[in-house]
Chemist: 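A single structure is presented below for examination.
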Amino acid sequence: MEVPPVPLSRHQSRQRRFPRTRASVGAARAFVQQALTDWGCLERLDDVKLCASELATNALLHGAPPGRQYCVTLTLDGHLLRLAVRDTGDRPAPAAPPTEDACSGRGLYLARELSDDLGVTEHAVGKTVWVTFKTDVRALLSPDG
């Protein structure tokens with residue numbers, strides 16, 4: 001008797017803390033790639049990895065105080081993938097777009113364009129900057145996908 005394959009659960013979640021070092025941005029990107037590969041959620045992998053880099057860089061440069069960490073969380077719930085980066089800093093996320101001649105400050109705007117939604121949740125200590133991506137549930141739940 002042949003046992004049918006068990007489909008991937010519609011709800012997956014992974015979380016990891018990263019130190020406040022420049023190397024942590026690449027480590028956060030690799031963490032995201034591994035989780036999405038394990039889940040078979042590859043159709044927007046490049047966009048999610050780029051957003052992970054931008055949000056981790058913002059947490060590193062503007063959010064996590066010296067000696068503290070930031071946390072990257074990935075959640076797949078049905079067809080919605082959520083990438084969230086939480087820091088413990090007291091600086092708010094930038095609200096105004098950068099000027100045309102600015103050399104930096106475009107990370108959140110790039111993330112907003114690549115994702116389906118972007119938001120900031122303020123906490124008593126720190127904030128969480130998050131982006132969401134719609135995924136193809138049929139590919140995730142198929143035995144081949």
Side-chain angles (χ1 to χ4, degrees), residues 6-145:
V6 177
L8 180 66
S9 169
R10 288 181 168 210
H11 184 80
Q12 301 283 332
S13 183
R14 286 202 190 159
Q15 183 177 74
R16 184 170 164 200
R17 294 186 184 281
F18 294 91
R20 189 179 183 266
T21 64
R22 289 179 188 248
S24 70
V25 174
R29 193 172 44 251
F31 165 74
V32 166
Q33 179 165 347
Q34 185 62 56
L36 296 183
T37 299
D38 290 349
W39 299 342
C41 187
L42 302 175
E43 71 270 2
R44 296 191 66 186
L45 178 62
D46 291 337
D47 290 345
V48 180
K49 283 175 32 182
L50 184 53
C51 287
S53 291
E54 294 299 335
L55 299 186
T57 298
N58 279 352
L60 173 72
L61 296 177
H62 310 296
R68 295 205 187 154
Q69 300 176 328
Y70 63 92
C71 183
V72 176
T73 304
L74 279 169
T75 307
L76 179 63
D77 192 4
H79 74 285
L80 197 63
L81 175 69
R82 184 177 192 259
L83 166 68
V85 178
R86 182 172 181 169
D87 65 57
T88 55
D90 58 0
R91 290 180 61 182
T99 61
E100 281 186 29
D101 59 344
C103 294
S104 64
R106 292 178 174 79
L108 288 181
Y109 301 96
L110 180 61
R112 179 175 283 126
E113 291 300 313
L114 291 172
S115 66
D116 293 309
D117 197 10
L118 177 140
V120 178
T121 304
E122 299 289 340
H123 306 288
V125 176
K127 67 190 162 303
T128 300
V129 181
W130 53 266
V131 289
T132 59
F133 300 86
K134 294 176 185 168
T135 62
D136 184 0
V137 175
R138 293 168 297 164
L140 293 171
L141 299 178
S142 75
D144 299 330

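All residue numbers in this chain count up from 1 along the given sequence.
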Chemist: Does any N or O in the side chain of T57 come within less than 3.5 Å of the main-chain N or O of S53, such that one atom is a donor and the other an acceptor?
Modeler: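 Yes; at least one donor-acceptor contact below 3.5 Å.
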
Chemist: Of the non-hydrogen atoms in L118 and A111, which two are nearest, and what is the gap between them?
Modeler: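 For L118 and A111, the tightest heavy-atom pair comes out as CD1-CB, 3.8 Å.
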
Chemist: Return the minimal non-hydrogen interatomic distance between L74 and W39, and the atom names on each side.
Modeler: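 Nearest pair, atom of L74 first, then W39: O-CH2, 3.7 Å.
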
Chemist: Within the 3.5 Å criterion, strictly below it, is a donor on E54 or N58 matched to an acceptor on the partner's side chain?
Modeler: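 Side chains of E54 and N58: no pair found under 3.5 Å.
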
Chemist: Could you check if a side-chain atom of H11 sits within less than 4.5 angstrom of a side-chain atom of T75, using non-hydrogen atoms only?
Modeler: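 A side-chain contact exists here, since the closest heavy-atom pair is under 4.5 Å.
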
Chemist: Within this structure, what is the NZ-OG1 distance for the pair K127 and T121, rounded to the nearest 0.5 Å?
Modeler: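 One gets 11.5 Å once the value is rounded to the nearest 0.5 Å.
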
Chemist: Side-chain contact, heavy-atom cut-off 4.5 Å: V72 with R16?
Modeler: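 Of all side-chain heavy-atom pairs linking R16 with V72, none is under 4.5 Å.
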
Chemist: Does some side-chain heavy atom of Y70 sit less than 4.5 Å from a side-chain heavy atom of S24?
Modeler: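 The answer is yes, as the side chains (C-beta and beyond) meet within the 4.5 Å cut-off.
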
Chemist: Hey, could you give me the NZ/CD distance between K49 and Q33, rounded to the nearest 0.5 Å?
Modeler: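 It is 4.0 Å, given to the nearest 0.5 Å.
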
Chemist: Just so I know, are the side chains of Q12 and D38 near enough to count as touching, which here means a heavy-atom distance under 4.5 Å?
Modeler: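 A side-chain contact under 4.5 Å is absent here.
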
Chemist: Got L81 and L36 here, is their nearest side-chain heavy-atom distance under 4.5 Å?
Modeler: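 With C-beta onward as the side chain, the pair touches.
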
Chemist: Is the backbone of G63 close enough, under 3.5 Å, to the side chain of R20 for a donor and an acceptor to pair up by distance?
Modeler: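 Between the backbone of G63 and the side chain of R20 there is no qualifying donor-acceptor contact (under 3.5 Å).
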
Chemist: Return the minimal non-hydrogen interatomic distance between C51 and F133, and the atom names on each side.
Modeler: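 Closest pair (atom of C51, atom of F133, distance): SG-CZ, 3.7 Å.
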
Chemist: If you define the side chain from C-beta out and look only at heavy atoms, does anything of L108 sit under 4.5 Å from L55?
Modeler: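 A side-chain contact under 4.5 Å exists here.
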
Chemist: To check you understand the geometry: which heavy-atom pair defines the closest contact between R22 and L60, and what is its length?
Modeler: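 Nearest heavy atoms, R22 then L60: CA-CD2, 3.9 Å.
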
Chemist: Could you grab the distance from atom CG of L114 to atom CG of L50, nearest 0.5 Å is fine?
Modeler: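 Between L114 CG and L50 CG, I get 5.5 Å after rounding to 0.5 Å.
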
Chemist: What's the separation between atom CZ in R86 and atom CD in Q69, rounded to the nearest 0.5 Å?
Modeler: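 The CZ atom of R86 sits 13.0 Å away from the CD atom of Q69.
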
Chemist: Apply side-chain contact (heavy atoms from CB on, under 4.5 Å) to R44 and T135, showing your working.
Modeler: CA-CA 8 Å; R44 296 191 66 186; T135 62; 5.9 Å; no

Chemist: How about H123 and T128: do any of their side-chain heavy atoms sit closer than 4.5 Å?
Modeler: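 When only atoms from C-beta onward are counted, T128 and H123 do touch, with a gap below 4.5 Å.
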
Chemist: To check you understand the geometry: which heavy-atom pair defines the closest contact between R68 and T88, and what is its length?
Modeler: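 Smallest heavy-atom distance, with atoms named: CD-OG1, 3.1 Å.
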
Chemist: If you take all heavy atoms of W130 and D117, which pair is closest and at what distance?
Modeler: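 Closest pair (atom of W130, atom of D117, distance): CH2-OD2, 3.5 Å.
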
